[in-house]
Amino acid sequence: MTPDTSPYDAVLLVSFGGPEKPEDVVPFLENVTRGRGIPRERLEEVGQHYYGFGGRSPINDQNRAFLAALREDLAGAGIDLPVYWGNRNWDPYLRDTVQQMAADGITRAACFVTSAYSSYSSCRQYRENLFDAVDGVEGAPVLDKLRLYFNHPGFVEPAVDATLAALAELPADVRDGAHLAFVTHSIPDTMNEGSGPEGGAYVAQHTSLMTEVVERVRQETGRHHPHQLVFCSRSGAPHIPWLEPDVNDHLERLHADGVPGVVMVPIGFVSDHMEVVYDLDTEALATAEKLGLPATRAATAGIDPRFVAAVRDLLLERAAVERGEDVVRAAVGDWPACWDRCAAHCCPNPRGERPALSQVDA
Ligand SMILES: CC1=C(CCC(=O)O)c2cc3nc(cc4[nH]c(cc5[nH]c(cc1n2)c(C)c5CCC(=O)O)c(CCC(=O)O)c4C)C(CCC(=O)O)=C3C
Ligand SMILES: [Fe+2]
């Protein structure tokens, strides 16, 4: 039997976007940082990260691979829905994609965002982008953002396996005593405080996932590894507090404390973004090397079939909700499955309110 996806007639993959060649880097950074008060030195530094990789971010290729895997997964389940892709900051831009969807006669799409957690940058800003993408477009489809999925088993299980694999890559004599450093993107303290319906959700959701992964690793290895949530990719003006500690400072601290080895688990990123290949694989691993601290980096979810299948699960779950049916919402750990529509006060825009889709009162 073909699963019922009505009222949806398309899926839209929504992502950040990244440059693909050196000439793209400056215009991309301008798109990302317009009106956001990022110091010039920081922009030049981040530009260098991209130039160091030939001006090409890995994110678009990751999304192309994800699209292919998702189309295959849906087809394998007998679901015949077109899958579109649009970005916030680079081609294919969301607005162009929405115009194409309108031309193709799409009426309503379920939107999967490549960001699993609450916060202005990782949730509401995408909802604003979706509003902007359809605003004034004749015949534009209705766009529904799928719920946050940091605690969906299809995201959690690959993180557990990746942690076990990265532990196994450490020299045997340091493995049992290894520390697990769960890494995510730093954001301003105030952005964390405003995240989610009750505030503090960004850190709380990461902490919940971290706790679950540590426990599942213990079930496999018999070891309850010491662990901490740490941050990378801080930007913004130096006098504004952002979430700490930075992963490099954390590695220094661990080394000073005599910790024998560390696994970095990048739970903040769904695939190998620039933050992963530069901030962790290039910079943080160099820090560990300099310290003589054995360190490995766990894989991101990427196109793990369980993660790809989670999109299908979220799509079918939401479709059933929209049809007024009862659903079982997959979720693991101490957070319940997240809401379908965000509260009006959730994750406020630090620069003042702007219209956004997928909101309770919308
Ligand atoms: C929470 C969060 C996520 C995770 C959720 C999600 O995935 O969306 C994320 C993802 C990403 N961030 C990315 C790149 C950048 N982020 C920047 C700047 C900023 N990020 C912020 C937060 C986040 N960012 C914030 C609060 C700023 C300050 C400016 C502002 O308030 O907006 C800047 C400007 C330079 C700098 O200062 O670093 C760049 C270049 C890329 C592409 C990577 C690639 O190319 O592979 C991705 C996936
Ligand atoms: Fe960012």
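For the single chain, residues carry numbers from 1 onward in sequence order. Model, not experiment: these values are computed from the prediction. Order of appearance sets the numbers: ligands from 1, and atoms from 1 within every ligand.
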Top protein contact for [atom], by heavy-atom distance:
| atom | result |
| --- | --- |
| atom 1 (C) of ligand 1 | Ile187 CG2, 3.6 Å |
| atom 21 (C) of ligand 1 | His185 CE1, 3.4 Å |
| atom 28 (C) of ligand 1 | Ser235 OG, 3.4 Å |
| atom 35 (C) of ligand 1 | Val46 CG2, 3.9 Å |
| atom 29 (C) of ligand 1 | Ile38 CD1, 3.6 Å |
| atom 17 (C) of ligand 1 | Val32 CG1, 3.7 Å |
| atom 5 (C) of ligand 1 | Ser115 OG, 3.3 Å |
| atom 42 (C) of ligand 1 | Phe16 CD2, 3.4 Å |

Any nitrogen or oxygen of [X], main chain or side chain, under 3.5 Å from a nitrogen or oxygen of ligand 1?
| X | answer |
| --- | --- |
| Ser57 | yes |
| Glu275 | yes |
| His273 | no |
| Ser119 | no |
| Met191 | no |
| Tyr50 | yes |

### Query
Closer than 4.0 angstrom: is that true for some heavy atom of Phe269 and an atom of ligand 1?
no
### Query
Contact between Tyr126 and ligand 1, counting heavy atoms under 4.0 Å?
yes
Flag the pair [X] and [Y] as a salt bridge only when some basic side-chain nitrogen lies within less than 4.0 angstrom of an acidic carboxylate oxygen.
| X | Y | result |
| --- | --- | --- |
| Arg318 | Glu322 | yes |
| Asp249 | Arg253 | no |
| Arg147 | Asp340 | no |

Under a 3.5 Å cutoff, is there a donor and acceptor pairing between the side chains of [X] and [Y]?
| X | Y | answer |
| --- | --- | --- |
| Glu193 | Tyr202 | no |
| Thr300 | Asp272 | yes |
| Tyr93 | Asn31 | yes |
| Asn248 | Glu252 | no |
| His273 | His185 | no |

Which of the numbered atoms in ligand 1 are under 4.0 angstrom from any heavy atom belonging to [X]?
| X | answer |
| --- | --- |
| Thr33 | 34 (C) |
| Met274 | 43 (C), 44 (C), 45 (O), 46 (O) |
| Leu29 | 40 (C) |
| Ser122 | 5 (C) |
| Tyr202 | 1 (C) |
| Ile59 | 46 (O), 48 (C) |
| Thr114 | 7 (O) |
| Trp242 | 25 (C), 26 (C), 27 (C), 28 (C) |

### Query
Is the shortest heavy-atom distance from the side chain of Pro58 to the side chain of Met274 under 4.5 Å?
yes
For ligand 1, is any non-hydrogen atom under 4.0 Å from [X]'s backbone (N, CA, C, O), its side chain (CB onward), both, or neither?
| X | value |
| --- | --- |
| Phe53 | neither |
| Arg36 | side chain |
| Val270 | neither |

### Task
Go through the steps for Glu23 and Lys21 under the test salt bridge (Lys or Arg N to Asp or Glu O under 4.0 Å), then give the verdict.
CA-CA 6 Å; Glu23 307 86 272; Lys21 51 185 186 304; 5.1 Å; no
### Task
Check the surroundings of atom CG in Asp80: do more than 12 heavy atoms from other residues, nucleotides or ligands lie under 6.0 Å from it?
no
### Message
Below 30° counts as parallel, above 60° as perpendicular, anything between as tilted: where do the rings of Phe182 and His227 land?
### Response
perpendicular
### Task
Check His206, Gln205, Glu275 against Thr184 for a side chain to side chain donor-acceptor pair (under 3.5 Å) and give me the one that passes.
His206
#### Entry: Name of the residue among Phe269, Phe112, Tyr149 meeting ring pair (Phe, Tyr, Trp, His ring centres under 6.0 Å) with Phe155
Tyr149
### Query
Mind checking whether Trp90 and Val113 sit in one hydrophobic cluster, side chains of I, L, V, M, F, W, Y counted as touching below 4.5 Å?
yes
### Message
Distance to the ring centre below 6.0 angstrom and angle to the axis at most 45 degrees; does that hold for Arg56 and Tyr50?
### Response
no
